[in-house]
Every structure is written in C-alpha cells, then in structure tokens.
Amino acid sequence: MRTIDHVISGYSGGGGARSHDVFDPNTGQVQAKVGLGGQAELDAAVKAAQKVQPEWAATNPQRRARVMFKFKELVEANKDELARLLSSEHGKVIDDAHGDVQRGLEVIEYACGIPQVLKGEYTQGAGPGIDVYSMRQPLGIGAGITPFNFPAMIPMWMFGMAIACGNAFILKPSERDPSVPVRLAELFVEAGAPEGLLQVVHGDKEMVDAILDHEAISAVSFVGSSDIAHYVYKRGVAAGKRVQAMGGAKNHGIIMPDADLDQAVNDLIGAAYGSAGERCMALPVVVPVGEDTAERLREKLIPAIDSLRVGVSTDKDAQYGPMVTAEQKGRVENWIQKGVDEGAELVVDGRGFKLQGHEDGFFVGPSLFDHVTTDMESYKEEIFGPVLQIVRAKDFEEAVRLPSDHQYGNGVAIFTRNGHAAREFAQRVNVGMVGVNVPIPVPVSYHSFGGWKRSAFGDTNQYGTEGLKFWTKVKTVTQRWPDGSATGENAFVIPTMG
C-alpha cells in the first residue's frame, strides 16, 4: 500500500508509529496511509527552515519572483496530474479539482509581482536634512494548517505570499487528502527553491498544538471549522504568534422578486451542490423575498435538482462526486434528519443514495428543505454537504437581517436587476464578502479573502495586500546626514515638529 511521507529537508526519522488511512471516496476503500508526526518531526522541519530562511530573506525580490514564476510554470505543466491526484483523495469531480488548482495558482501569479508589492514608503525632507523610509521585512518561519476541502488552493494561498515575502514555510495539510500538498512541495524545489524553504508535516491535533506552541514559528494561518479556528487563534496568540484563523460559514443567497430566476437557479445549483457542498463559500441557504418569489423559485428548483448527476469523481458528466469520508457522509445525513425533526419540510431527500457499482462509496444525493426557520439548529450550524435550505423572507429588510444576524459572516449574494437594492444591500449587510448576481463571491487574488464574526479570527485576511501585511513586519528608518557644520543651524528637530 502507498505510504505518504513528510517533506522535511534532511530528516530520516520515519513517519512515526501512528498513521491515518487515506480513502478513495468513490469506493470506500483505503488507498494509502499517511504517517502522523509530532514534536520530533516539527523540530526537524524548523531546524531545516532556520538554516535556509536567512539567505532566502536576503535574496532580492526579483530573484524570489523568478522561483515563483518557475513554480507557476511547473504547476501548469502538471495540472492534470495534480487534479486527478486531488480528485482521487477528496472525491470532487475533475473539473472542480482543476478549479482548485487554478484558484491557488492565481495567488502564485500575484506573488510573482512581489518586487512591486513589497516596496516601502519614502518621505524626503520630513525635517531639516531628515528623510524617513519604511521597509517590509519577513517574519522568519510561518506555518499553515489547511483543511481537506481545498488541498491545492488554500496551501498556495498561504505559502505563495509567505515565501515570496522572504519567509520559510511549514505546511500541515489535512491527513484526509495529503498527496497534493506533498507534490506541490516537490515542484517548489524543482522550481529552484532551496530545500527546507517549503516543508510538509503530517499530523493531527498533536502536530497542530506543536506548531502553535513552537517558539521559532512566528505566524500561523489556519482554515477550518469555527470552533477549531477559535482554538487555534487563542492558543497561537497566547504563545505570542501572529494568527489568522478562518472558520465556518452559512452563506445566504437573497432572491429579490425582480431577479432572473432561471439564471439564479442555475447559479444556486452550482453553488449549493458543487463539490458536494464541501466549500466554505458554498451557498446552502436561499432567501426568496416574498411568497410569490418563494413559490416560483421552488417550482424551478425541484426539477433542476432532480436533473443533477451524481457520479464518481472521474465522471465527466457528473456535477459532483462523493463526500471525502464515511464520517462526513454520516454527519451530513444526521443533519438532514435533524432538519426533519425540527419541522422543516424535506422536499428532496438525498439520504440513502447509492451509485451502481460503487455502493460503498461516500455518496449523498442532493437534498432540499423548505420552510426553514431561524430557530432551527440545522439553520444555525454549517452542514457542509449537498443540502440547500429555503428560508422565506417577507421583505427586503428581513432579507438584509437574516445573514446579518447569523453567527457566521463569511459570504452572501443578492440576485436582482435593481442597482439601488444591490448597492444598499452590499453596504448594509453584516458579512465580509458580498456577491451581486455572483453566487460564490471569492475575491480575485489581488484583493483579499476573509469573513466576519465567527467566520474569521484575527485582523488580517488571506492573500492580496492583506496577505502581504500578515507575512511581513514594518520597519521605519528616520535618517539624517549632517553637513559637518558646527554652528547649530542644523540642530536635530523631531520631523513632526519641524
């Protein structure tokens, strides 16, 4: 059976006594084992990072950019391999897997411009003969703890910016689908990066705690569930680290009475059920405004859901594939039952779905609830599966209030032809990322990704200028070059008082 190893420069200590099964979600069978490391493996990775990071930080930005350019070329050349490897462990269909890789690459493209974005500020003549300038310097060693649902995109979001800024990086990916992060680290070395600059350590909570406590790691970036994000944030900050921790979501899609329903339904199907709903930017709640809108929406949703094709991840005609593990499948089906118990109307039931020839696969069919109310636990919590809930709003004010009052504030979308309504909604809604007729409003790489409330802990977002700020620290220099005069005419004056 295939064994997935750590990527630690110069380390030959083995994978440790503990291991985790990596499944093929299409068949339910174990396809590989990954060793779960701990303090010893992390210490070895940190030691290697400490050797290489100072020289990398001293490398001028354009040379660092050339490594990023080469890495981008190599990922593009190996994109099919990466997508199939990703699909085989996660279960998302090949097209979604390609998208996973591509969205990560877009941040690498942004990082290729590091000589431009890393420039500091300069003020000439801040005082008599005094100039002031600032520079951004790397933190040292950064770490990333990434989830199973985007094993290519989210690691590249993190290490692309961190390394381009001059840091070394230690990645702890999900043990459920760890092969793609390992392959990315291999390609990074092939691109010309020194060994030890990007390393991969596998593990569970033991490894996470070791990362959060290690005094040589200056910053930690995390994406996962909100409870764990809060834990990571508190423990990391207590250890003196800079921490950004992105949590869960319950994104809403507002359907105004004037919306193009055919387009909205098409968007909802992809946003709610794509990648089996295992996306923090999925759209699991739809909010039609007014009873007439709700009835028309429901009438169009049901046949669209019935026509969805669920298949193995290599099926080119499938809209989505299996869940990542049997546990995740069971969790989603339990939430469906919870919704029934709470009194929501189960319009389409995806439980018990079986795919011929793959009866042991981790498949869940598409589900649809109507008449969901805000007091239901199934509405309050993240289901993270192919389940869409209809929450009816009587008017625009209620449609603004629903996502604004929810504990999560990751993303929201409004579907309308009314520019005034869209503008007012975007301004007033208490959510971090807003889409207008865009169902999954993930910002492009030169903006920044991040939610509000329990969807994010910390004060900086992922990638873009926010990523640059997170992975660097500012140093400001105030300098004076005396002209040699001893008359006192050029006596020092604080620039702000000159």
Side-chain angles (χ1 to χ4, degrees), residues 49-50 52-69 107-144 157-169 197 215-221 233 236-237 239-244 432 443-450 456-498:
Q50 288 173 320
V52 74
Q53 189 272 331
E55 184 177 353
W56 177 250
T59 301
N60 60 53
Q62 59 265 41
R63 289 185 179 274
R64 298 203 298 262
R66 289 170 194 161
V67 173
M68 305 307 292
F69 271 112
V107 173
I108 299 300
E109 289 172 348
Y110 180 80
C112 288
I114 199 66
Q116 170 67 23
V117 300
L118 200 56
K119 291 191 302 183
E121 299 173 323
Y122 183 87
T123 298
Q124 183 178 12
I130 296 173
D131 304 324
V132 180
Y133 66 92
S134 65
M135 62 183 83
R136 287 197 168 272
Q137 295 186 324
L139 303 175
I141 301 175
W157 280 7
M158 295 180 184
F159 74 68
M161 289 303 300
I163 292 176
C165 288
N167 300 286
F169 195 85
L197 191 64
E215 61 181 11
I217 294 175
S218 299
V220 175
S221 183
Y233 181 76
V237 168
K241 303 185 191 313
R242 183 178 292 182
V243 182
Q244 57 178 192
V444 293
S445 62
Y446 40 91
H447 285 264
S448 293
F449 178 101
F457 301 90
D459 58 359
T460 53
N461 291 343
Q462 297 274 351
Y463 63 76
T465 55
E466 289 283 286
L468 178 75
K469 292 175 182 177
F470 182 77
W471 294 113
T472 58
K473 53 191 174 185
V474 176
K475 180 181 289 182
T476 305
V477 179
T478 302
Q479 66 178 14
R480 177 172 66 123
W481 298 103
D483 62 5
S485 170
T487 64
E489 295 178 359
N490 294 319
F492 178 76
V493 179
I494 297 174
T496 55
M497 299 176 65

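A quick note: this is a predicted structure, and the numbers were derived from the prediction, not measured.
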Novice: So, do W56 and I163 sit near enough that their side-chain heavy atoms are less than 4.5 Å apart?
Specialist: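 SC-SC contact between W56 and I163 confirmed.
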
Novice: Give a yes-or-no answer on whether the side chains of E466 and T460 include a donor-acceptor pair shorter than 3.5 Å.
Specialist: no

Novice: Look up atom CG in L197 and atom CZ in F169, then write down how far apart they are to the nearest 0.5 Å.
Specialist: 10.5 Å

Novice: Measure the shortest side-chain to side-chain distance between I114 and M68 over non-hydrogen atoms and say whether it is less than 4.5 angstrom.
Specialist: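 Not in contact.
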
Novice: Closer than 3.5 angstrom, by distance alone: can the side chain of R136 be matched with the main-chain N or O of K119 as a donor-acceptor pair?
Specialist: no

Novice: Kindly determine whether V474 and M135 satisfy side chain to side chain contact (heavy atoms under 4.5 Å, CB included), including the steps that lead there.
Specialist: CA-CA 6 Å; V474 176; M135 62 183 83; over 6 Å; no

Novice: Taking all non-hydrogen atoms of both residues, which atom of N461 and which atom of S448 are closest, and how far apart?
Specialist: CB-CB, 3.8 Å

Novice: Do you know which two heavy atoms are closest between L139 and F470, and how far apart they sit?
Specialist: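 L139 and F470 have their closest heavy atoms at CD1-O, 3.3 Å.
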
Novice: Q53 and G166: which non-hydrogen atoms are nearest, and at how many Å?
Specialist: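 Heavy-atom minimum between the residues: NE2-O, 2.9 Å.
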
Novice: Please examine the side chains of V132 and T476, heavy atoms only from C-beta on, and report whether any two atoms are closer than 4.5 Å.
Specialist: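 Counting from C-beta outward, T476 and V132 do come under 4.5 Å.
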
Novice: Above 12 or not: heavy atoms from other molecules or residues under 6.0 Å from OH of Y446?
Specialist: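 It does not: Y446 OH has 12 such atoms or fewer within range.
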
Novice: Looking at M158 and G144, what are the two nearest heavy atoms and their distance?
Specialist: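 Shortest heavy-atom contact: SD-CA, 3.6 Å.
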
Novice: Can you name the ring pair (Phe, Tyr, Trp, His ring centres under 6.0 Å) partners of F457, sequence neighbours left out?
Specialist: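 Partners of F457 by the ring pair (Phe, Tyr, Trp, His ring centres under 6.0 Å) criterion, ordered by chain and then number, come out as H230.
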
Novice: How long is the gap from OG on S445 to CH2 on W157, to the nearest 0.5 Å?
Specialist: 10.5 Å

Novice: Do H447 and Y463 have side chains that approach each other closer than 4.5 Å (heavy atoms only, starting at C-beta)?
Specialist: no

Novice: Do you see a donor-acceptor pair shorter than 3.5 Å between the side chains of Q137 and K473?
Specialist: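 There is no such pair between these side chains.
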
Novice: Ignoring hydrogens, what is the shortest heavy-atom contact between N167 and A162? Give both atom names and the distance.
Specialist: ND2-O, 2.9 Å

Novice: Given S218 and I141, is the side chain to side chain contact (heavy atoms under 4.5 Å, CB included) satisfied, shown in steps?
Specialist: CA-CA 6 Å; S218 299; I141 301 175; 5.7 Å; no

Novice: For Q479, does the CD atom sit with more than 12 other heavy atoms under 6.0 Å from it, leaving out its own atoms?
Specialist: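 Enclosed: over 12 neighbouring heavy atoms sit under 6.0 Å from CD of Q479.
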
Novice: Just wondering, are more than 12 heavy atoms of other shown residues or ligands nearer than 6.0 Å to CD in Q62?
Specialist: yes

Novice: Hey, could you give me the OH/NZ distance between Y133 and K475, rounded to the nearest 0.5 Å?
Specialist: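 If we round to the nearest 0.5 Å, Y133:OH and K475:NZ are 9.0 Å apart.
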
Novice: Measuring from D459:CG to K469:NZ, what's the distance to the nearest 0.5 Å?
Specialist: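 One finds 9.5 Å between CG of D459 and NZ of K469.
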
Novice: Before we go on, tell me: are the rings of W471 and F159 under 6.0 Å apart, centre to centre?
Specialist: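 No, they do not, as the ring centres are separated by 6.0 Å or more.
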
Novice: Should T123 and D131 be marked as a side chain to side chain contact (heavy atoms under 4.5 Å, CB included) after you check the CA-CA gap, both sets of side-chain angles, and the distance that decides it?
Specialist: CA-CA 6 Å; T123 298; D131 304 324; over 6 Å; no

Novice: Looking only at heavy atoms, which two atoms of R64 and L118 are closest? And how far apart?
Specialist: NH2-CD2, 3.3 Å

Novice: Just checking Q50: does its CD atom have more than 12 heavy atoms from other residues, nucleotides or ligands closer to it than 6.0 angstrom?
Specialist: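 Yes, because the 6.0 Å sphere around CD of Q50 holds more than 12 heavy atoms from other groups.
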
Novice: Side chains of Y110 and M161, heavy atoms from C-beta outward: is any pair under 4.5 Å?
Specialist: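 Counting from C-beta outward, Y110 and M161 do come under 4.5 Å.
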
